[in-house]
**Student:** 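Here you go, one structure.
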Amino acid sequence: QVQLVESGGGLVQAGGSLRLSCAASGRIFSINAMGWYRQAPGKQRELVAVTTNDGSTNVADSVKGRFTISRDNAKNTVYLQMNSLKPEDTAVYHCNARARARLLENYGDYWGQGTQVTVSS
């Protein structure tokens, strides 16, 4: 199975920066896309950013201009550079991958355990 491990979260003051990383490992046949979701207490999980194999990226309006997603295909790793952080960015950030572990499987969603990002005012 595909395993995802996130890192890079922490506590920062408003206006600060963090870089999250997510590395995929385990039984991987192929990965079509990788991205980031976040979930704040009492709120629904929301898409933050995603990148696909053709190099295209999509970033949520709430973080556009502040967050940048990138991917190292050779390392099966995706990054999220977060600048100009705001208190409303506080959430658990989860890595997601659209992948299949074997040739005969359909693509499915795999999730990391999450990394906490806390932005103080």
Side-chain angles (χ1 to χ4, degrees):
Q1 297 295 305
V2 178
Q3 296 172 305
L4 303 176
V5 179
E6 305 101 332
S7 63
L11 173 63
V12 298
Q13 291 185 317
S17 298
L18 287 173
R19 186 179 68 178
L20 307 183
S21 64
C22 171
S25 62
R27 190 188 301 274
I28 303 172
F29 183 79
S30 63
I31 299 176
N32 276 354
M34 300 186 75
W36 293 92
Y37 291 74
R38 68 184 182 185
Q39 187 168 23
K43 295 186 177 182
Q44 295 291 106
R45 184 181 63 193
E46 64 174 339
L47 176 66
V48 178
V50 63
T51 181
T52 56
N53 286 345
D54 63 0
S56 65
T57 61
N58 191 30
V59 180
D61 289 340
S62 60
V63 302
K64 191 170 297 182
R66 300 186 297 118
F67 291 11
T68 302
I69 188 170
S70 61
R71 180 179 174 184
D72 185 338
N73 290 329
K75 297 181 179 180
N76 288 326
T77 300
V78 65
Y79 305 91
L80 186 68
Q81 179 66 46
M82 305 185 295
N83 298 326
S84 301
L85 283 162
K86 303 176 180 179
E88 51 262 44
D89 295 319
T90 296
V92 176
Y93 285 71
H94 293 269
C95 179
N96 169 264
R98 288 283 297 180
R100 57 180 176 179
R102 288 175 285 189
L103 174 63
L104 299 182
E105 292 183 357
N106 292 326
Y107 285 97
D109 286 324
Y110 295 84
W111 296 91
Q113 291 299 306
T115 184
Q116 177 70 46
V117 172
T118 303
V119 184
S120 62
S121 60

**Student:** Going by side chain to side chain donor-acceptor pair (under 3.5 Å), name the residues that satisfy it together with Q39, two or more places apart in sequence or in a different chain.
**Tutor:** none
**Student:** Which residues pass the side-chain contact (heavy atoms from CB on, under 4.5 Å) test with Q116, not counting sequence neighbours?
**Tutor:** T90, V92, T118
**Student:** Please name all residues satisfying side-chain contact (heavy atoms from CB on, under 4.5 Å) with R66, sequence neighbours left out, ordered by chain then number.
**Tutor:** V63, S84, K86, D89
**Student:** Answer whether the closest heavy-atom distance between the side chains of V59 and V48 falls below 4.5 Å.
**Tutor:** no
**Student:** For A24, which residues count as a side-chain contact (heavy atoms from CB on, under 4.5 Å) partner, sequence neighbours excluded?
**Tutor:** V2, L4, I28, I31, M34, N76
**Student:** Which pairs, with at least one residue in residues 62-88 and sequence neighbours excluded, count as a ring pair (Phe, Tyr, Trp, His ring centres under 6.0 Å)?
**Tutor:** none
**Student:** Look up atom CZ in R71 and atom CD1 in I69, then write down how far apart they are to the nearest 0.5 Å.
**Tutor:** 9.0 Å
**Student:** Please list all pairs meeting ring pair (Phe, Tyr, Trp, His ring centres under 6.0 Å) that have one or both residues in residues 82-121, counting only residues at least two apart or in different chains.
**Tutor:** Y37-W111
**Student:** Give the minimum heavy-atom separation between V117 and G9, together with the two atoms involved.
**Tutor:** CG2-CA, 4.2 Å
**Student:** What's the spacing between E105 CD and S30 OG if we round to 0.5 Å?
**Tutor:** 10.0 Å
**Student:** For K75, give me all partners under salt bridge (Lys or Arg N to Asp or Glu O under 4.0 Å), at least two apart in sequence or on another chain.
**Tutor:** none
**Student:** Around atom CD of E88, are there more than 12 heavy atoms of other residues, nucleotides or ligands at under 6.0 Å?
**Tutor:** yes
**Student:** Run the salt bridge (Lys or Arg N to Asp or Glu O under 4.0 Å) test against R98 and tell me which residues pass, sequence neighbours left out.
**Tutor:** D109
**Student:** Does E46 have any salt bridge (Lys or Arg N to Asp or Glu O under 4.0 Å) partners at least two apart in sequence or in another chain, and if so, which?
**Tutor:** R38
**Student:** Rounded at 0.5 Å granularity, tell me how far CG in L47 sits from OG in S62.
**Tutor:** 9.0 Å
**Student:** Would V78 and W36 count as a side chain to side chain contact (heavy atoms under 4.5 Å, CB included) here? Give the steps.
**Tutor:** CA-CA 9 Å; V78 65; W36 293 92; 3.8 Å; yes
**Student:** Within a strict 4.5 Å, meaning less than it, do heavy atoms of the S70 and T51 side chains meet?
**Tutor:** no
**Student:** Donor-acceptor pairs are to be reported for all side-chain atoms of residues 12-23 against protein atoms at under 3.5 Å, with residues two or more places apart or in another chain.
**Tutor:**
from	atom 1	to	atom 2	distance (Å)
S17	OG	N83	OD1	2.9
S21	OG	S7	OG	2.8

**Student:** V119 and M82: same hydrophobic cluster, using ILVMFWY side-chain contacts below 4.5 Å?
**Tutor:** yes
**Student:** I'd like to check the side-chain contact (heavy atoms from CB on, under 4.5 Å) partners of D54; sequence neighbours left out, ordered by chain and number.
**Tutor:** T52, S56
**Student:** Once rounded to the nearest 0.5 Å, what's the spacing between atom OG1 of T77 and atom CD of E6?
**Tutor:** 11.5 Å
**Student:** Please list all pairs passing the ring pair (Phe, Tyr, Trp, His ring centres under 6.0 Å) test where one or both residues lie in residues 12-31, with sequence neighbours left out.
**Tutor:** none
